[in-house]
Number of protein chains: 2
Amino acid sequence: MKQAAKTQQKTEKANGQPSPKRGAILDAATRVFLGASYGAASMDAIAREAGVSKQTVYSHFGAKNVLYGAVIHEKCSQLMAPLLTVEHHGAAPEKALLGVATRFLKLILAEGNMAHYRAVVAESGRFPELAEAYYMAGPKKAVENLAGYLSLMDKKGSLKVADPLGSARLFFAMLRGDLYMRRLLRMAPEPTDGGVEAAAGQAVGVFLDAHAPK
Amino acid sequence: MKQAAKTQQKTEKANGQPSPKRGAILDAATRVFLGASYGAASMDAIAREAGVSKQTVYSHFGAKNVLYGAVIHEKCSQLMAPLLTVEHHGAAPEKALLGVATRFLKLILAEGNMAHYRAVVAESGRFPELAEAYYMAGPKKAVENLAGYLSLMDKKGSLKVADPLGSARLFFAMLRGDLYMRRLLRMAPEPTDGGVEAAAGQAVGVFLDAHAPK
DNA sequence: GTCTATAAAAGGATAGAC
DNA sequence: GTCTATCCTTTTATAGAC
């Protein structure tokens, strides 16, 4: 638990090729950690899943919590990348917002992200820095991006937005609706495209009603 | 793990008085389970916290998972009771909705409920029946209640609500906004009354814009 | 019923050979 | 670097006295 920082590089040779075993371990750890919970996941299970001895796991990542941190960070960069751009080439606000909404919903409702988010929430006590990293890389970025767009639309007169950040937060809050909670509690399967579009449409409609230029 | 059902009653004497130790154990278990996570909580810690020997814990609740289930169920009934009524004596919809919104927000953002919800989410894999019980007793009830009220307002012409259930879900989704997520991730403390009212006001405003009678 | 003491198992981490 | 074998702590659960 002390030597968190120095176990990173020993798997790269002079040529910078990452070890294949390291990737296998990380994949296996992702499945095991996110399939269960931090407490329920054992290093034995991870080693078995990766087809590798336990000692090899410890050679690459010095301790369980380090490995867990690597898993969460990895997922974080994977998941958030595709989201966050509003394409504001001249399209009408309805179009643009519907696009953002459907992409956002598909992303956050996907099983990969749900499992990740459950894990982050569950271990936010033991690993506060991971919770913060998640929030900064995901929800916060998304909100700021959308706020920029809303602010632009306000200047152009296409929308009436007094508080871009507040409105952007509200927009995403509307999208994270009942379905999102049921997914979080594992009560609903990943929705179809139709389900996603319906949810997106309702939220966009209400949002536009409240932000129509007078 | 087999004898889940038969350890319930042995703490009541012929007069029906519940044993005080049982309550102490349940309180202690609530603190320990909800302070950490299922995996991180140990039966030793619970016994110590309750001021009781470990064997006594096992006498009352046969196993760790049974005790955990009892804790979650207990919390469930405690927390959801105060919420869920809309007072629709003739007050204007703004007033009524603001009342619902502030009470709802205060309830769900309170540390007790946050800890409970984190625990339910975290262990929804191991205890799906607890996740379902939570959803049924809490969010679902709240939505149905509000939908009834909205439907009434629609009939009276005070609001325009085509889909009461959908609108009710959206209303609560708006309330569970950014602040809720940051609370879930333990990044924000319990908000002041002012913070709660501001969030409630924004959501109610947008909701009314979209449901004004034409 | 409640306690002290103990069994039995699981899991995190390490030693040492190759 | 990777493996096998092992240590040692923690934790669930039980036995038996009072």
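Lettering of chains follows the sequences in order, A, B, ..., and the numbering in each one begins at 1. Computed over heavy atoms, backbone and side chain alike; hydrogens, waters and symmetry mates excluded. Predicted model, so just to flag it, every value in this text is computed and none were measured.
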Separation of [N] [atom2] from [X] [atom1] (nearest whole Å):
{"X": "M43(A)", "N": "dC8(D)", "atom1": "CE", "atom2": "P", "result": "20 Å"}
{"X": "L67(B)", "N": "dT12(D)", "atom1": "CG", "atom2": "P", "result": "11 Å"}
{"X": "K54(B)", "N": "dA8(C)", "atom1": "NZ", "atom2": "C1'", "result": "12 Å"}
{"X": "I46(B)", "N": "dA13(D)", "atom1": "CD1", "atom2": "C1'", "result": "14 Å"}
{"X": "Y38(B)", "N": "dT12(D)", "atom1": "OH", "atom2": "P", "result": "8 Å"}
{"X": "N65(A)", "N": "dG11(C)", "atom1": "CG", "atom2": "P", "result": "17 Å"}
{"X": "F61(A)", "N": "dG12(C)", "atom1": "CZ", "atom2": "P", "result": "15 Å"}
{"X": "K64(A)", "N": "dT9(D)", "atom1": "NZ", "atom2": "C1'", "result": "14 Å"}

In the structure I gave you, are the side-chain heavy atoms of L130(A) and H73(A) within less than 4.5 Å of one another anywhere?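 When only atoms from C-beta onward are counted, H73(A) and L130(A) do touch, with a gap below 4.5 Å.
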Just call it for S53(B): base, sugar-phosphate, or nothing, with non-hydrogen atoms closer than 4.0 Å on any strand.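 Since a base atom lies under 4.0 Å of S53(B), the category is base.
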Is A41(A) touching bases, backbone alone, or none of the nucleic acid, heavy atoms closer than 4.0 Å?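 Sugar-phosphate, no base atom in range.
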Quick one: which of [options] gets closest to the side chain of [X]?
{"X": "D44(A)", "options": "dA13(D), dT2(D), dG11(C)", "value": "dG11(C)"}
{"X": "S19(A)", "options": "dG12(C), dT2(D), dA13(D)", "value": "dT2(D)"}
{"X": "S42(A)", "options": "dG12(C), dA13(C), dC3(D)", "value": "dG12(C)"}
{"X": "Y58(B)", "options": "dT14(D), dA13(C), dT2(C)", "value": "dT14(D)"}
{"X": "S59(A)", "options": "dT2(D), dC3(C), dG12(C)", "value": "dT2(D)"}

Would you kindly compare A40(A) and Q55(A) by the position of their nearest DNA chain C nucleotide and give the one closer to the 5′ end?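 Taking each residue's closest nucleotide, the earlier one in sequence belongs to A40(A).
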Is the distance from OP1 or OP2 of [N] to the nearest side-chain N or O of [X] less than 4.0 Å?
{"X": "K21(B)", "N": "dC3(C)", "result": "yes"}
{"X": "T56(B)", "N": "dT2(C)", "result": "no"}
{"X": "H60(B)", "N": "dT2(C)", "result": "yes"}

If you measure only the distance, is there a donor-acceptor pair under 3.5 Å linking the side chains of S59(A) and T56(A)?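 Their side chains do not contain a donor-acceptor pair, so the 3.5 Å distance test is not met.
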Salt bridge between E123(A) and R118(A), side-chain N to carboxylate O under 4.0 Å? no
Salt bridge K140(B)-D178(A), side-chain N to carboxylate O under 4.0 Å: no
Would you please test Y68(B) and F61(B) for ring-ring contact (aromatic ring centres under 6.0 Å, His included) and show each step? CA-CA 9 Å; Y68(B) 182 77; F61(B) 309 85; over 10 Å; no
